2 protein chains.
Amino acid sequence: MIDDRDRRLLALLQKDAETPLNVLAEKLALSPSACSRRLARLKADGYVTRTMAVLSREKINLPTTVYLLVKTSRHSEDWLQRFHAAVSSIPEILEVHRLTGNYDYILKLALPNVEYYDTIYKAIIRQVELSDMSAHISMETVKLSTALPVGHI
Amino acid sequence: MIDDRDRRLLALLQKDAETPLNVLAEKLALSPSACSRRLARLKADGYVTRTMAVLSREKINLPTTVYLLVKTSRHSEDWLQRFHAAVSSIPEILEVHRLTGNYDYILKLALPNVEYYDTIYKAIIRQVELSDMSAHISMETVKLSTALPVGHI
DNA sequence: TGTGAAACTATTCCGTT
DNA sequence: AACGGAATAGTTTCACA
């Protein structure tokens, strides 16, 4: 139902969603119209959810990445709600996952600088109580892949 | 040099990079051509680096997210090179950051299932020695924002 | 910056394999 | 069921005010 051309198309579109259909068509050894139909199908079937502009973290003045590992003793419904509300109200918090293991949550932050972490820290603890919170500043981004591998489909 | 319309344009393009210029123009109270010129400038100045298709993790058969916290005793040039080579050769490793604090590195993985972690684990330790490695499986994605806040520019 | 024409790109239709 | 080519529709860019 999904063939190798579809996979290659998905890989290409993850790299550059603005590639014109005639160029994509050429790379896939297809006509532009066939390419257009495949793309429409991949969207309709939910493989491609949307397309987005990738901004420069430096230009946008958010060069610093910080990970927060969080533990909590409170696991009530009320606590959860306040936690959800807190993290969704702070746009510098990019990701939040609930984890297995020693920590309850991991948060990923994008900040203008390391000092700014204090602002976020205060904004969080004002809204919810946490039993432990350790910040880990990224000193170097060794790898940052925005393209998911397409070989598991 | 960057005004509020530019910021709004960046925010809109992060949500949907396929929005036609005439509807962007409408939202910004501008003409399509003025909008086109602003976009071209934002790209030329490096604010927008590229545009990409966002794929469904479920559809692509990579629903599971795992974080790896890694410690190492070896910090030689040779070790570093092998580590870089290892992580860049494994496409399921989406992100790698070198950290401050108790851990040396954090890795983010996208996997077909939890069991698949073993495959990645073996692929890593075959290439580099690590003194400690703890896996944290994401049980729930509480927040996943692909759009960077645009208020710090 | 906006307007409108021109250029370009994408989509749909149709006949074919 | 999927393709290529042609016609159509839509989008972007350019010249000029």
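If you're wondering where the values come from, they're calculated on a predicted model, not measured in any experiment. In what follows, every chain begins at residue 1, and chains take the letters A, B, ... in the order their sequences are listed.
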Can you classify the ring geometry of [X] versus [Y] as parallel (below 30°), tilted (30 to 60°) or perpendicular (above 60°)?
X        : Y        : value
A:Phe83  : A:Tyr105 : tilted
B:Tyr117 : B:Tyr121 : tilted
A:His152 : B:Tyr116 : perpendicular

Worksheet item: Below 4.0 angstrom, N of the basic side chain to O of the carboxylate: do A:Arg50 and B:Glu18 qualify?
Response: no
Item to complete: Kindly say whether B:Val54 contributes a backbone atom to a donor-acceptor pair with the side chain of A:Thr49 at under 3.5 angstrom?
Response: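 Yes; at least one donor-acceptor contact below 3.5 Å.
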Worksheet entry | Between D:dC3 (P) and A:Leu9 (CG): distance, integer Å | 11 Å
Discussion item. Tell me the interatomic distance from A:Asp6, atom CG, to D:dC3, atom C1', rounded to whole angstroms.
Written reply: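 The answer, rounded to whole Å, is 14 Å.
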Practice prompt. Strictly below 4.0 Å, heavy-atom distances to any atom of DNA chain D: list the hits from residues 20-44 of chain A, or just say none.
Written response: A:Leu30, A:Ser31, A:Ser33, A:Ala34, A:Arg37, A:Arg38
